[in-house]
Structures are given as structure tokens and as C-alpha cells.
Amino acid sequence: MKLPKIPDCCLCLSLAALALWPSLSQAALYISIVQGLGGQPQYDEQFNDIRKKIETASATVTDADKVFSFSGDHATRAALLKHFTDLGKKMTANDRAAIYLVGHGSFDGDTYKFNIPGPDLTAQDIKGILEHFPGRNHFIVNTSSTSGAMLETLVGKGDKASNPAFVVISATRNGNERNATQFGRYFAEALHNKDADLNKNNSISIQEAFDYAEKQVNAHFQDEGKLSTEHAMLRGDGAAQFNLARLNAAEQQAELASATGQLAQLLKKRKDLDAEIEDLQVKRSQLNNADYLKRFQQLILQSAELSEQIDAAQKPDTGKKSAPAAGGTSVP
Amino acid sequence: MCLEQRQLRGLGSLAVATLALAVSAGSALAREPLYGVLTDAALLKCEDQFWHGRLTDARNCYQLLQTSKTPIAIRAEASWALGDLQDANSLFQQAVKAEPDNALLRIRWGELYLQTYQYNEADMLFDEALGIDSKNPWAKIGSAEALSKGGGDPKVINKLMEDVVDNELTPAGVRYRGLLMLLHNALGKDKFDEAAKAIEEARSVAESGKLPQLELYALEAANAFMTFKPYQSYIDTALKQDPAYGDAWAIPGRFAMMTRRYRESGEFYEKAVEIQPDHWQAHLELGQNFMRLNQINAGVEHIHTSFDGDKFNPTTINLMRMLDVFLNQTEVFSFPNPPDGPFPKLELRLNKSESTVMKDYVRELAQAGMATYQQRYRFTPKEPVVIEVYPNHEDFVVRSVGMPGVGLLGVTFGYLLAMDSPTAHARAESYHWGTTLWHELAHVYTVEASNHLVPRWYSEGISVFEEWRTGPIPGRKIPLDVYKAMAEGKFLPVEKLDDGFMRPAYENQVIVSYMQGGLVIDFINTEYGFEKIVDMLELFGKGVKLPEAIQQTLGVSVELFNKQFKQFIDIEYGKLLKNLPGWQEDRKAAFAALEKEDWKGAVDAAKKAVSSFPDYVEADSAYIALARGYSKLEDKDNEFRTLETFWQKGGYASRALLALARDYGERGDSEHEFKVLKDVVWADPFAQDLHIRLGNLYLSHNDPARALREYLVLLSLNPPDKADANYKVATAYKALNDNDKTLQYLMTALEVAPQYRPAQSLLLELSRSTGKQ
């Protein structure tokens, strides 16, 4: 394993978490996780837990040397600015960056600060980091209290808000929501929870993680019998297409690695078919509706048959019922 | 407020169109006679013609006053009488500018604002007049009326009224007007002795001051009507003086409406608008009355007529807005359909946005209630029972009382009841729609079975009693404040219990009165038997008053009855009331400990609270704190038992019940899981998990039709997991052998989630089965 070269202080992920899922395209995804100061043991523990969950999830969607994690004394403003500057230089316009800020924030009515050892990271710092990255479609989530103030710095306030070139999530609506937030832990939980996977594709997109976390935050406050003190915000386009985690990455990797012969062929075929379905859905607006539906049904049926054949191939002893050959089924 | 800023206003977004129309229509709003406030001979001549019904002569007379030779203030009066209110306003403004120290000008200007429902502005002008002439009785009576209509401080109003009415030196006209106001007030509160005195005194003052007595006759008619005496002669006398005096009918009509005698009220109002077609207030109240009697088209027509004539009335504006929603967004369902008799037994009016969710549940509960009440109260409805459910609370209260901002949950007008939907309340935990429906439905039977003559408290008491005895969540549910009132001896003797509803003397007395009513009925049921409750109801329907009804039915005097009831309360709640402070402390301590994440402390305190008051199961019940404490301590078994007890005692907090249903499910107890889920339906039918669980249960018990209903409801709630919701609908259709529908919903599920394996598998199964066919 190669240690990432950029920040000396950066803590690399464990071997077990490395490279479980290969990148599917040429564009690289760089993920930076910053854990701020907890201030109290309960928050230190909570932020540690969140950071670890994000690290594990991140390892399922990009290479290990593209995941950077900062916490404790390593998460200083100087170190972070250097990291992001170097990262910006390294990235191409096709690459994407994802930034997680996990911790507490403060807002004095003028300036938002993410609380880290030494000088804090300000909203202007964060804006500079994002603007410095080449290309578009980057992502930042700030789970801290008052993080809505950062959002306002990034995209503007009220009527003056603009649609950013990146996806940004804040745990609070504005800088006045000052209580320690619940959003972060549910967002991290979403990255590992199949309940968050609404399109059942075993990947968790930004949108899915946000929807899950938002729902859980509401439920949390209802359970506690309190009015919600935080209201998360999501701005920017493409949140549904930006995946942050794969749910069964290890299993799929193992499946691919162990598959031989017919099973390997079937798995590859299904992967290709899934890609074809996705492609068809993207092009839906360009097609006649009837043509689209007909083709979609055909592909779905093929995918279903393949899945059945894969199941049968994986369980030779129990899968007594053999699947019919492709084309042997019809849609009423 | 400076003079230049004063403008008569229409209301809301309709105001722009309003003013022009009001002027051009030349409409005359209801005015009062001058009662001597002005002495201009030319004006008085016109007034005399107007109040004797010679309307054409009066109009010509007023028009002759609209010349530059006439004093500005008199021209203002003439414009006002002719219905040109903007011109009247402008002329008063000029007059006041010319004579800033003339209190009378400001008083009359204030009266113009009173007539246009602008009570704050009116009161400011009366105040300014009092600043010029601090003892002016016309300013005081005007201020009293403005404050009274605008919700002012009763103490201030009373002081102003006393200054006018109790002062023998006050001019007859203003004192007379004060007495008429007191008479309205007394009749509105069923204080007929006070009303009789006020009538006598007003007559004496009117006769000695030679004042017009039209309104007094109308009020006498109302008094006679309300006390079941002949009233026609009073109306005839008024109409003899002024054949076009619509209030001769409208005033009794208003009091008939206030005492819920809607049919008679409608008849009065119809006669009012017949003789005075420009009585816009009567059109409005007739329209509202028709709406209450379920004659929607006629109601809408009169409300529109009222609006066309008087665009200043806030009630009309509110109703117009409500009607816009009501007429365009309501979906109507009748059962049975087609009817099995001359009319359908039940009609539902639901907002289109939630009819998919509510329709079947409202029908199921309403039909169960109707069957229960028909049998228990020996009464078969003679018309369809109509239930309207409003997702917007303000629409509901405007439909019910004409004005927003009233804290009602449901209202019954004879056979028609209107109520809030669960979606009208932000927190489902605090509103149980099923109980509201059950409560209101009982009124249909008690009110109709007694020809609308049941005392208010008795009808409310039966409704509360039925909530506890036969409702969706049986068991006495009494709010904390009521226990405090009970401990402080604030319950009223039954013969005065209506005062608690209609003239509350302290905060929360209305809710205390509801609960006392329920407990009184419960007491009769326990001590004398249920049939006596119905016997008494029937006596009320024959016009028998409460003391006689108690004597005839129960064989005791009302005094003895009150003593017995007090003993009943002492036995039922004496011990609890002594423990109440300690229980309160423990309950609060339990929630405080939860706040501090002291789970064990929460459990200890909650256990003590539950032990001293095990029947308290409201949303802030100690059971909730106890279950949450156990949950945090990961003591699943005790959490389950706590929630189970909470539910068995009638607890209805939907999240707690859903957790209990899940526990029952995990324990394989589908029978109890189902019962708990059905209870959640009556509390929070918009909970998505509820429909998933119910649908799954129905499907697993081979009832795909009901499963389909639950899944379709789920889908209508726009769940986050649309793939799974569509798949669930498909599974139900598959079980019903509807392959086309199965495929339709499957493909929708797979559009959202192409790799969703269960949906893929079902697609394969469907494909193969149809391939075989």
C-alpha cells in the first residue's frame, strides 16, 4: 500500500478498508474527512464514531489512497489548507471531491467557524477550498451546529441564494440553530443502511443519505417530544447521481473474485445489463414512451432472469429449480 | 392615527374590487336609528321616512340633502344613509378637519366605522371624542360597542356601560341604546330574568323619550321565542311601524341560531330578506344557516348575495375564501351507494388531497358509531348524517362559526358535523380524530332525538361519556387541569353547568365543564342505569326543564342529585386528588431525568408516578417516560410491558403504539399487533409505517383486498421508499389475480429501482404464469 503523499499528518485507513471497490471510470473521487473538536468526551466519542463510519463507507467507492482523514491534533487549519491546496493541484477537471466536516461550529452573526485545534476553519476558508478545486460537481457536508451560516456564505442568503456548482449540505438552516446536531450521526448511519437505499441499487447517493438523515432527525425529535432545533439544507444539482457508499461492496468484491466459469460470465453480464438499464433511463426523454417502456421491460426481465441464474449458480445444492433460458418469459 | 390615513377598507385581496362596487351599488348597510344623537330637522325628516318603511321618499329626501348648502356633517349622514360609505367617510373627514374640537362629529364618524366592522378605528375616534368631552355618553356607548365587538377588556366595557345606563341624567336616547345592548347580552346568555328587566326599563325610557321601538319589539319577539311563548305579535307591531324592517325577523333568527334551533332560524331569516332584500347580514346568516342544515347551494347563494351587497363584512370574506376551498377541493362519498332507502345513510365530504387516506377509515368509524348510537339512544336518523373533515383548521372554524382563530376541534349542526382532519394539527400525538368524530356523532343523536332542546351540558356530557364508554379509545381521559379544578371544588351544580360552557368565569372552565358533564352522565349510568339517561333526553325533547326531568326520571330533587354526584366524585377521585401533587412531581421528575439522559432515574420516578395514578395515559403520561427509560436501558421486556399497559389503559400516542405493534409482531402475536394498529388508525392515519404493517398483516392473513387498501393509502402518502411501496401494491394485486395492475405497479417500482430483487422476482413469476396461460 502506498501512503498518501500529501499531508504528513493525514491518517490513512486500515488495510481492511482499502480498495474494496475499483473506480468505474477514469474520473477519480477524492474524499476528505475532517473531525473537529468534541469539547466533551460524549462528543469526542460520537464524532469518532461518525468519522469511522464515513471512512469505511468511503473505502467502498474510491481507492484507499484517495481517502484522507483528519482528526485530533492533526486537524489544524494550516494542515487542512495545505491538504486542500495540494489536492486541488492534483485533481483534474473530471475528478470530484467530497468533504465531510464532522464536529461543532460557531457563528458570531458575521463569521461561521468550524471548531478545530488552533485557529478555526472559517466559511471563507471553505469557500476558497471549493473554488480552488478544478471542475464541478464536488460535494461538502458540514454536520456542525450553525453550519447553515456556512451555507449562506457559499451560496448566498434568501433571495440572493444562487445554485452552486457543487452539492452542499448543512445540518442547520442558518447560523441561529446552535444546539449540537443529530444530523451527522444519521448521515453516517445512512452510508451503511439499506433502508436508505431507496432505488435498491446497493449504493447510497448524497440525496439518499440526506433524505434518510433528515427523516431520522425528525423522528429523533418526535421521540424526545421536542421541537426540532435543526433543519438540514441541501443545495446544488446532482445529489442523486453522486454515490457516497456501496452497501455490499465486500460481498460483491468477494463474489467477483471467487466467481469462475459460468458464474463469472453471468456476473459480468448482469453488470453490463445494469449499465444498459441505467443508460436507457438516462436517455428516456429522447425516446418515444412506448419504445422506452418496451425496451425497459425487456431489459428488466433479462436482469431478473440473470439474477435468478446467478442465485442458482451460487447455490448449486439448493437451487434445484433451473431458470428457463433467456427469452422464455413474456410480459403480459 | 392621523385623519388623512383613515380609510374605510374592504378586507383582504378582494378589497380592490370591493370599494367600487360598494359605492356604485348604493347599498345601505344596516344602520341604527339616531335615537336623538342629532337634531338637524331636515335629516330627521328623512330618518322618519326611512324608519317607517317609506324608502323611496327617504331616498329622495336624503338626496336632496346632498347639496353644497347642507352642512358637511349632514351631507355625510345622507351619503351614509344612501349607502355611499366612501363619500360619507370623506365628508366626515372634511367636517372634522373644519371643526377639530367637535366631539359629536368624531362620534358619528366612529359610528360609521362601527358599521363597517372596523372596531379599532371606531374606538380610536370615540376615544378622541372623549378626549374633547370626557363625559360624552354617546362616545362612551360607542366605545363600549366597539370594544365589545372588537374583543376588548370586559371590565372597561362594563364601566362604560354603567356610566351610561345607570346614570339617570343621561339623555334618553343613549340610555335606551345602552339598554338594548344589555338586552342583547342577556338574551345571548339565556339570562331571561335580566332580559325581562331590561325590556321593561327600555320600554319606559323609549316611551318617555318618544324613541323608535322597532329593535325593542324584535328583541321581545326573540325573548318570547326563546322562552317558548307567543312571539308573533311583537314582530307584527314592529312591521306595522316599518314594513321593511328586516330585523323584526332577523333578530329572533339570530337568537334561534344561537340556541341551535337552525330550522326556525332559517325561517326567520328567510322572512327578513323577503321584506328587506338589502339586509346583507341576514343574507349572510341565512346562508350560514343553510350550510349548517346541509343545503349547500342555497347557503352559497345567500353568502354570495351578502358579499355582493356588503364587501366590508369580515365574516363574509372569510366564508367566501372557505367556500372557494370547499367547493373546489371537496370530494363527496355516500354510503350505501346506491342508497337502500329514500336517502343514503352517510355522506362524507373530504378534501381531495387526503380522501384516499381518510375515506374508508371515516366511513368505518362513522358506521360503527351510527349503529351504536341508534341502538343506545332509540333514535333513527331521518336524514343522511353528513361528515365534513377539514385539513385546514381555519377552514373548519370559518365553516363552523364564520371567523378564524377559534379553538374548536369539531362542531355538530343537527345532522351535519364538521371537524378537523388529523393533518390540521402539527403533532398527531395531541389530536385524536377518531374520538372527535365519535364525540360529534353522539351530538347528532342527542340533539335530534331531543328536537334540539337538550341542555348544552347534557349533550356534551353524553358525548364525553360515549368517548369513554364506547369510543375508539375507551376509558376516562381527563386532562390535568380538570383534576386541579376538581380538587379546588370548582364543579358547578348541574342546573348551572351550561354557564361553564357559555359564560366561562376562569381559564379552562369550558374543558372542566365538558369533563364534569361526562362524569355526571357516567354517574347517572352507574347509579341509575343507562336507560335513565335516554329517558331524560326524551323528556328534554318534550320541553321538560332539567330539575323536572331529574325529578321525573331519577326520583330525586336537583339539590339531592348534586349531593349524590359530589359523593360519587369523592369516592372515585378523593384518594387520587390527595396524591395529585406527589404524582405530578414524580411525573415531571421522570421527564426531567430523561432530559438529562439519566435513564435509571427516569425509570424510578416514572414507576412511582404510574403507581400513584395508573389511569393517566395522555401524551405526557409517565408511561411514555417509563417506556423510553427502559428502551434506553435496553430492557426490551419491560419496555414492551409498559407500552402494553399504556395501550390497554387507553393510551393513544401513535409512536408508542407503533413501537408496541412492532413488539407484538416480533413476538409473533399478530392478533394484538392488529388491534394496536387499528387503534393507531383512529389516532394517526397518516403514519406511513402503520399502513405497511397493516398491509403486511392483511396479506399474511389472506386478505389481499384490505392489504391493497392499506398499500394504496401508503402510496398516496408519498413515502420515501417508492419502489417498495409500489412493489407492495403489486403484491396485493397479484394476490387478487389482477395481472395488469400487478404489472403496472411492478414496472413503476422497477423504474425507481431497476435492481430491486423482490420486484424482479415477482415480475418473473408474473411473466411465467401469464406465459403458461
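Numbered from 1 within each chain, the chains take letters A, B, ... in sequence-line order.
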Heavy-atom count around [X] [atom1] within 6.0 Å, excluding the residue itself: above 12?
{"X": "B:K734", "atom1": "NZ", "answer": "yes"}
{"X": "A:E278", "atom1": "CD", "answer": "no"}
{"X": "A:K215", "atom1": "NZ", "answer": "no"}
{"X": "A:Q42", "atom1": "CD", "answer": "yes"}
{"X": "B:K636", "atom1": "NZ", "answer": "yes"}
{"X": "A:E251", "atom1": "CD", "answer": "yes"}

Query - Top contributor to chain B contacts, counting heavy-atom pairs under 4.5 Å, from A:L299, A:D211, A:D274 - result: A:D274
Query raised in the report: Distance only, no hydrogens: is a donor on one side chain within 3.5 Å (strictly under) of an acceptor on the other, for A:S303 and B:Q760?
Result: yes
Query raised in the report: Does the distance from a Lys or Arg side-chain N to an Asp or Glu carboxylate O, for A:K200 and B:E751, drop under 4.0 Å?
Result: no
Taking atom [atom1] of [X] and atom [atom2] of [Y], what is their separation to the nearest 0.5 Å?
{"X": "B:L763", "Y": "A:I300", "atom1": "CG", "atom2": "CD1", "result": "7.5 Å"}
{"X": "A:L198", "Y": "B:D721", "atom1": "CG", "atom2": "CG", "result": "5.0 Å"}
{"X": "A:D197", "Y": "B:D724", "atom1": "CG", "atom2": "CG", "result": "11.5 Å"}

Locate the shortest heavy-atom distance separating [X] from [Y]; write the atom from each residue and the value.
{"X": "A:D311", "Y": "B:R757", "value": "OD2-NH2, 2.9 Å"}
{"X": "A:E305", "Y": "B:L764", "value": "CG-CD2, 3.3 Å"}
{"X": "A:N199", "Y": "B:A753", "value": "O-CB, 2.8 Å"}

Query - Proximal component of A:A219, with respect to chain B [non-hydrogen, under 4.5 Å] - result: both
